[in-house]
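One structure is given below, encoded as structure tokens.
Order of appearance sets the numbers: ligands from 1, and atoms from 1 within every ligand.
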Amino acid sequence: MQGEKIWLSPPHQGGSELKYIQDAFDTNWISQDGSNLDAFEKTIEDYLGYDSFVTALSSGTAAIHLALRLLDVKEGDFVLCQSFTFVASVNPVLYQNAIPVFIDSEATTWNMCPNALEDAIKYCLQQGKKPKAIIAVSLYGMPFMVDEITEIAKRYEIPIIEDSAEALGSKYKGKPCGTFGDLSIISFNGNKIITTSGGGILISRNQQHTDKALYLATQAKENRDYYSHSEVGYNYRMSNISAGIGRGQMEVLEDRIVKRRENHNFYNEIFKNYDEINLFTEPNDDFYSNYWLNTITIEQNSDGITKENLKKIFTKNNIETRYLWKPMHLQALFGKYNFFGNNLCGILFEKGLCLPSGTNLIEKDRNRIKDILINLRY
Ligand SMILES: *Cc1c(COP(=O)(O)O)cnc(C)c1O
């Protein structure tokens, strides 16, 4: 072991989080209500623009679950899901006893393939059931092919749930991620670009959806003098303490995006010298990634370098790396569900590795990483 541990994507304090937490204590709003929540939601609404209505929740997973509820996804309904993602994108489909139908990735953004999506829609229609939703992910911060996916969704009149858990700060054609879905979600888990220590938001395009989301997130309690319930609800509201952390973090978001993109440039300088290792990069000017994680794919003829031995070398040097997300259609949990595509995402999983991408990487850390990577050649 040499040097302190370098993490893949650790939390990075901004400086004023404690002030907002102190506010909550001073005013005794140590609850799921209070001014931090209001201010945090407002800050994100202003940041995203485009008539975004935000509900702060306990997690990104909760936000996806509520999105499914708002779209009335029920037992036996089809939901079209990007296979290449973290399991949290799809678990809520099972909470609703609905049926995920998995869609492959395309090679450009690694996200939902429009052709496979359309094949899957046709399959569902042949079964006599129109899919209730499309869950499209902007994985590793790279926006999905928004125009192509949206065109298909509109043509078949299927709403999009945009999973931008990893993509706060990313843009497509200048428009921010979090504004592309009928409903969108962002996560503030500890490993994301900014964090509330655990939390997420649901973004909707109208006040009615947001009111309904808040109602479902607070046990679906009807507005009466007594406790009155006619449908199932959840305890999904974010705490006012977490929202205080979020307020502090939002103040440094722009800086964090700049830093993540600097990390990407750092890796780009190294990997431009390698034919057999590719750094995953924006395909063209339409795509602006927050580069939440920098990822590489290692081709087969790479002088014996594999994701496994590269990971081992990093681990030996006390540096955390991770394999890419293992696609959902290859998970035992989802083994019985349909998959559309040519398994491109399975191949990416075989070849890929995520590299340290935190915003608190300092020069010394980068040098340790660089030493390992430039010595691979020989
Ligand atoms: C982190 C993440 C989620 C879930 O967010 P939580 O806040 O951890 O529940 C969902 N989808 C993707 C792609 C994620 O990376």
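Y215 and E231 form a side-chain donor-acceptor contact under 3.5 Å, judged by distance and modelled atom types alone. At a cut-off of 3.5 Å, with distance as the only test, no side-chain donor of S9 or S357 sits close to an acceptor on the other residue.
Interatomic distance, L125 CG to K122 NZ, rounded to the nearest 0.5 Å: 9.5 Å.
Between F334 and F102, the ring planes lie perpendicular to each other; the angle is over 60°, past the 30° to 60° tilted range. F180 and Y172 have perpendicular rings, their planes meeting at more than 60° on a 0 to 90° scale where under 30° would count as parallel. Classified by interplanar angle (parallel below 30°, tilted 30° to 60°, perpendicular above 60°), the ring pair F280/W110 is parallel. Between F340 and Y123, the two ring planes are tilted [angle within 30° to 60°].
For ligand 1, the polar-atom distance check against T61 finds a nitrogen or oxygen pair separated by under 3.5 Å. Geometrically, ligand 1 and E166 share a nitrogen or oxygen pair separated by less than 3.5 Å. Considering backbone and side-chain N/O atoms, I185 never comes within less than 3.5 Å of an N/O atom of ligand 1.
Closest to atom 12 (C) of ligand 1 among all protein heavy atoms lies A165 CB, 3.4 Å. Closest to atom 2 (C) of ligand 1 among all protein heavy atoms lies K192 NZ, 3.0 Å. The closest protein non-hydrogen atom to atom 11 (N) of ligand 1 is D163 OD2, 2.8 Å. The closest protein non-hydrogen atom to atom 5 (O) of ligand 1 is S187 OG, 3.2 Å.
Near S89, the atoms of ligand 1 lying under 4.0 angstrom from a non-hydrogen atom of the residue are 11 (N), 13 (C). Of all atoms in ligand 1, numbered sequentially from 1 with element shown, those under 4.0 Å from a heavy atom of G199 are 7 (O). In summary, the atoms of ligand 1 found under 4.0 Å from a heavy atom of T85, numbered by their order in the structure, are 13 (C).
A heavy-atom separation below 4.0 Å is not found between A62 and ligand 1. The shortest heavy-atom distance from G200 to ligand 1 is not under 4.0 Å.
For atom 10 (C) of ligand 1, the choice among S138, A88, S58 with the nearest heavy atom turns out to be A88.
Put simply, the side chain of D77 never gets that close to the backbone of K132: no donor and acceptor are under 3.5 Å apart. No donor-acceptor pair under 3.5 Å is formed between the side chain of K173 and the backbone N or O of D147.
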